[in-house]
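Note that these values count all heavy atoms, side chains included, but never hydrogens, waters or copies made by symmetry. Throughout, protein chains are lettered first and strands after them, A, B, ... in sequence-line order, and every chain is numbered starting at 1. On a predicted model such as this, the values are computed, not experimentally measured, just so you know.
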There are 2 protein chains.
Amino acid sequence: MANIQQVAKQAGVSVATVSRVLNGQNKVALKTKQKVEEAIKDLNYEPSMLGRNLRNSESRIVLILIPAISNPFYFEIIKGIENMALSQNYSILLCETDSKPEKEDIYFDLVRKKMADGIISMDPAVNVETLKELAGKYAIIQCSEYGGDIGIPYVTIDNEEASYRAVKHLIQIGHRKIALMNTDEKFLYARERKSGYQRALAEYGIPVIEDYMLYTQHLGFEQGQQAMKKILALPDRPTAVFAVSDLLAIGALKEINAAGLHVPNDMAVVGFDKIDFSNMTNPTLTTIAQPMYKMGTVAAGMLIDLIRGEQVDSVILEHELIIRESTSG
Amino acid sequence: MANIQQVAKQAGVSVATVSRVLNGQNKVALKTKQKVEEAIKDLNYEPSMLGRNLRNSESRIVLILIPAISNPFYFEIIKGIENMALSQNYSILLCETDSKPEKEDIYFDLVRKKMADGIISMDPAVNVETLKELAGKYAIIQCSEYGGDIGIPYVTIDNEEASYRAVKHLIQIGHRKIALMNTDEKFLYARERKSGYQRALAEYGIPVIEDYMLYTQHLGFEQGQQAMKKILALPDRPTAVFAVSDLLAIGALKEINAAGLHVPNDMAVVGFDKIDFSNMTNPTLTTIAQPMYKMGTVAAGMLIDLIRGEQVDSVILEHELIIRESTSG
DNA sequence: CTGAAAGCGCTAACAG
DNA sequence: CTGTTAGCGCTTTCAG
């Protein structure tokens, strides 16, 4: 566990010189440089980031806040963030908040205590007030989920438009009785997706039926099953359902199946997110693809700019409708 | 961004005293303590972990090495690790290695450079040599996947026995033609699970048929489909298959379904890991449950002991066979 | 091109 | 019970 002093001594130079060859910015005579490098090798020296970070008042760590690590929706985004971060010599701390303020706070403390240089928040249930307050002092980006224009830069897709296209697709293949499996409207994206759903119906002169709009507490498989049960029990049963998450849609699929009905003949299904499993179901799931990976790299890039003190603007990325078996017999 | 000096000045005490109330170990007069706490509040002071960590030569960060973040197998383990780590004031850095030495090395560097205090490795493809070398200088635990008794403490289950029980279950419900969907035998657990498979067959006097043992490169859904295709094409077709991962088994399920066959009547299926999705398939999947969460807490506990310089021993945890629809008509 | 020295923010002897 | 002081390991002026 050699330190920079010992290297300096061994090489017969000052610590400043060792530091210079370590960072490669300043000019060092070739001969001196070689001496130092030899000493480094001899002593098996590894520079300590603890020392460097304290000196530079940075940690080179960024936090990613997600509600649950098991949610497949985040995988590609995280990969994007990670790759961008690594390329700029940042490491990422993946923080599962369980959407609980207490856990959130543990991680917020990390940035308050300088153990993290910034935060990418993907938790829709994050405490917006705390976030706003933190954003005043620290670098923060909202990714995918965001609380609206609250002065914190975000990267996301146009949820209203995506939802509109999904529903329009269902209408165009002949459906007029279309259910919406949405989540709690306290989330902005839930409101936006509902709005897109209504716009599509309106455009084709289809009335909005309250009973066709379901709300689930979470975006999980079980919630999808339960909601589908309710839909199937409706007196004037819909012939299609648009779920605002793939997991919801997959739960619906299973329930339709269990009821002895056929997808898409008896009930067409559209999901949202294009998670890996959406391709493993039977039938495969029509869904909205978000440019996850890119969203991650963009968010990470924005955050690093913010850390550097640069000005950053919010970004809206493109999405795509992926038509698969659950809407095409 | 006040520092400890300013707090000391404001409170009219020395930095040592501030440090004492911060850490609460040493006795400080109540009155002094109150003065300090007031100053802390006044200045909105947050102690910097950068300073503290450098002084204490620790980072209070532990690394978790996993091949892919999207593998549901690891979710509960990670949760276990995280909760135990948080309770001891450690944060976890989740590192996706993609089973690539280059990426591994980026993360190994973090412990070499003192940005991490230890590693929990769950990557079966990890470079055992590098790991052994690192284990000489740093705290390292192997969790779930391990390279055998190479002197690095591990926590795992008895893979041979688990496999044995799974196959025995299939035999007991009447199967004698049982395929094994295994992965590359370079992995210890693959060899162990094969061995359990063979022991069960031997116990019932069933000959081992080479053609019934398949090997896939990865433990994914597609590999399960492909392997199942081969099994279905076998001249003397098996009536049951034991797959060493749920994802493999789920792929098999889909393929059997696509072939118009029925599970479990035409083909019984057993998986391994009890991932969440194993309960969402149709039919639900019989599988081996590992005590994931506990495995995580135990691994984290061991690692922290190791960091503290204590002696730790390897642990073998219990497993359980979960019988569901894919083996019970 | 190189060295001396200050200091990032904190903790822990040591002395009182 | 409290203050003084010496670093933890590194980077960066400032001189030379």
Salt-bridge criterion met for B:Lys100 and B:Glu102 (N-O under 4.0 Å):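 Not counted as a salt bridge, because no side-chain N and carboxylate O are separated by less than 4.0 Å.
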
Carboxylate-amine/guanidinium proximity below 4.0 Å for B:Glu82 and A:Lys103: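 Salt bridge present between B:Glu82 and A:Lys103.
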
Within-4.5 Å side-chain heavy-atom neighbours: B:Tyr154 and B:Ile140: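 A side-chain contact is absent here, since even the closest heavy-atom pair is not under 4.5 Å.
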
Heavy-atom side-chain proximity of B:Thr32 to B:Thr17 below 4.5 angstrom: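 When only atoms from C-beta onward are counted, B:Thr17 and B:Thr32 do touch, with a gap below 4.5 Å.
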
Under-4.0 Å side-chain N/O to phosphate OP1/OP2 contact, [X] with [N]:
X       : N      : answer
A:Asn23 : D:dT11 : yes
B:Ser48 : C:dG9  : no
B:Thr17 : D:dG3  : yes
A:Asn3  : D:dC8  : no
A:Arg52 : D:dT11 : yes

Take atom [atom1] of [X] and atom [atom2] of [N], then tell me their distance rounded to the nearest Å.
X        : N      : atom1 : atom2 : result
B:Gln34  : D:dT2  : CD    : C1'   : 17 Å
A:Leu43  : D:dG9  : CG    : P     : 14 Å
B:Glu58  : C:dA12 : CD    : C1'   : 14 Å
B:Leu30  : D:dT2  : CG    : P     : 10 Å
B:Lys113 : D:dT11 : NZ    : P     : 11 Å
A:Gln5   : D:dC10 : CD    : C1'   : 9 Å
B:Ile40  : C:dC10 : CD1   : P     : 10 Å
A:Leu50  : D:dC10 : CG    : P     : 9 Å

At 4.0 Å (heavy atoms only), tell me whether [X] reaches a base, stays on the sugar-phosphate, or touches nothing.
X       : value
A:Val18 : nothing
B:Asn53 : nothing
A:Ala16 : base
B:Ser57 : nothing
A:Leu54 : base

CD/A:Gln88: more than 12 non-hydrogen atoms of other groups inside 6.0 Å: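 Counting other residues, nucleotides and ligands, CD of A:Gln88 exceeds 12 neighbours.
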
Selection from D:dT11, C:dT2, D:dT2 that lies nearest to any side-chain heavy atom of A:Leu22: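 The listed nucleotide nearest to A:Leu22's side chain is D:dT11.
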
Earlier contact from the 5' end, DNA chain D, for B:Lys33 and A:Tyr45: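 Nearer the 5' end of the strand: B:Lys33.
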
B:Arg55 vs B:Lys31, nearer the 5' end of DNA chain D by closest nucleotide: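 Going by which nucleotide is closer to the 5' end, it is B:Lys31.
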
Donor-acceptor pair present, A:Arg20 side chain and C:dG3 base, under 3.5 Å: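 Between C:dG3 and A:Arg20, which were checked side chain against base, a qualifying N/O pair under 3.5 Å is present.
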
Side-chain donor or acceptor of B:Asp105 paired with backbone N/O of B:Pro101 under 3.5 Å: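 No: the side chain of B:Asp105 does not pair with the backbone of B:Pro101.
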
